[in-house]
Structures are given as structure tokens and as C-alpha cells.
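These notes concern the structure reproduced below.
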Amino acid sequence: MDIHFNRKDTIGSELDIYIPSINLAIEINGIFHYKPIYGIDKLQKIVENDKYKVSTCYEKEIKLHIIDTSKQTYVVPKTSKIYLDMIKNIIDKN
């Protein structure tokens, strides 16, 4: 299975995970997608880009799943396992 990570060539904006063979994209959205950590202007740009991704994936018939990791304080294996399991589950169901 061919898996693309952090590439922009599919929709003109970066997709965290894209699997062309099943037309599936997964976005992993941390706190920066929901809170103005680097200021309101930066957050607004991120929110607009997220909206673009949703609409463009819809237009291209790409199934987009968004995983909210904003509650994860530290990115370490122990706290990341739940999100890895979510990703595996999404892929398995497609």
C-alpha cells in the first residue's frame, strides 16, 4: 500500500497522510488548529487552510478524516498510541 506523508501534490495543500489506492486522507490536528498559540492571525490562516482541505477533498472525492490531538500535552509513544490506533482503525475500515 502506497502511503504519502506531508505531501502537497494531491490537493495543493499538505495532507498529513494520504493513501491514493483507497482515496483516503487523514489529518492530525494538534492544539495549533484550535487555539491561538502563535497569535490570532496565524490561527485564522490555519483555520482557513483546514476549510480549504475539507472542501477540496470533498470535490476530489477523497475521504478525509480529522483526528483532534489537541489534548495531547506531550508527543511520546505512551500518549500517542491512542491516535495510532485511531489511524489504523480508519485505514482498516476503508
Side-chain angles (χ1 to χ4, degrees):
M1 178 181 296
D2 191 25
I3 302 174
H4 301 178
F5 296 97
N6 304 316
R7 287 178 39 178
K8 295 182 179 182
D9 56 336
T10 303
I11 64 165
S13 186
E14 184 178 293
L15 291 172
D16 294 330
I17 301 170
Y18 177 59
I19 305 171
S21 62
I22 55 176
N23 224 22
L24 173 71
I26 300 171
E27 282 292 291
I28 303 164
N29 289 353
I31 192 72
F32 304 102
H33 291 261
Y34 307 104
K35 301 255 184 194
I37 304 300
Y38 292 114
I40 194 70
D41 290 341
K42 179 68 174 171
L43 176 61
Q44 287 173 336
K45 288 177 185 174
I46 291 170
V47 168
E48 285 304 312
N49 191 47
D50 289 345
K51 288 178 185 177
Y52 170 81
K53 289 179 186 185
V54 169
S55 64
T56 305
C57 283
Y58 177 79
E59 289 169 9
K60 292 183 174 262
E61 299 181 351
I62 296 170
K63 295 168 285 213
L64 175 63
H65 292 263
I66 298 170
I67 297 175
D68 178 354
T69 64
S70 63
K71 292 189 178 13
Q72 187 178 24
T73 308
Y74 298 101
V75 180
V76 295
K78 183 179 178 181
T79 63
S80 298
K81 184 176 180 337
I82 187 170
Y83 304 111
L84 176 59
D85 290 344
M86 286 177 179
I87 292 166
K88 289 163 124 178
N89 198 12
I90 290 167
I91 292 169
D92 288 345
K93 286 182 178 180
N94 285 278

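- The hydrophobic cluster analysis finds Tyr58 isolated: no Ile, Leu, Val, Met, Phe, Trp or Tyr side chain comes under 4.5 Å of it, directly or through other members.
- Contact of the Ile17 side chain with the Phe5 side chain is registered, since non-hydrogen atoms from C-beta on lie closer than 4.5 Å.
- The side-chain heavy atoms of Thr73 and Thr79, taken from C-beta on, include no pair separated by under 4.5 Å.
- For Ser80, the side-chain hydrogen bond (donor to acceptor under 3.5 Å, both in side chains) test picks out Gln72, with sequence neighbours left out.
- Here the straight-line distance linking atom OH of Tyr83 with atom CD1 of Ile26 works out to 14.5 Å at 0.5 Å rounding.
- Contacts of Ser21 classified as side chain to side chain contact (heavy atoms under 4.5 Å, CB included), with partners at least two apart in sequence or in another chain: Met1, Ile19.
- Separation of atoms CD (Glu27) and OH (Tyr18) is listed at 13.0 Å; rounding is to 0.5 Å.
- By the side chain to side chain contact (heavy atoms under 4.5 Å, CB included) test, Gln44 pairs with Ile40, Asp41, sequence neighbours left out.
- Between atom CD1 of residue Ile62 and atom CD1 of residue Ile11 there is a gap of 6.5 Å, rounded to the nearest 0.5 Å.
- With rounding to the nearest 0.5 Å, the separation of CZ in Arg7 from OG1 in Thr10 is 6.5 Å.
- Distance check, rounded to the nearest 0.5 Å: CD1 of Ile87 to CG of Asp92 gives 12.0 Å.
- Every side chain to side chain contact (heavy atoms under 4.5 Å, CB included) that Lys51 has, sequence neighbours left out, goes to Val47, Glu48.
- Applying the salt bridge (charged side-chain N to carboxylate O under 4.0 Å, His left out) rule to Asp2 yields no partners; only residues at least two apart in sequence or on another chain are considered.
- Between Thr69 and Ile67, the closest side-chain pair of non-hydrogen atoms falls below 4.5 Å.
- The 12-atom threshold is not exceeded at OH of Tyr74, counting heavy atoms of other residues, nucleotides or ligands nearer than 6.0 Å.
- Applying the salt bridge (Lys or Arg N to Asp or Glu O under 4.0 Å) rule to pairs touching residues 60-70 yields nothing, sequence neighbours excluded.
- Pairs engaging residues 73-89 under the salt bridge (Lys or Arg N to Asp or Glu O under 4.0 Å) rule: Lys81-Asp85 [sequence neighbours left out].
- Not counting sequence neighbours, Asn89 has no partner by the side-chain hydrogen bond (donor to acceptor under 3.5 Å, both in side chains) test.
- When the side chain to side chain contact (heavy atoms under 4.5 Å, CB included) test is applied to Ile37, the partners found at least two apart in sequence or on another chain are Ile31, Phe32, Lys35.
- With contacts defined as side-chain heavy-atom distances shorter than 4.5 Å, the pair Asn94/His65 qualifies.
- Rounded to the nearest 0.5 angstrom, Ile28 CD1 and Ser70 OG are separated by 13.0 Å.
- Think of Tyr34 as one node in a network of Ile, Leu, Val, Met, Phe, Trp and Tyr side chains linked at under 4.5 Å; its network also takes in Val54, Leu64, Ile66.
- By the side-chain hydrogen bond (donor to acceptor under 3.5 Å, both in side chains) test, Ser13 pairs with Asn49, sequence neighbours left out.
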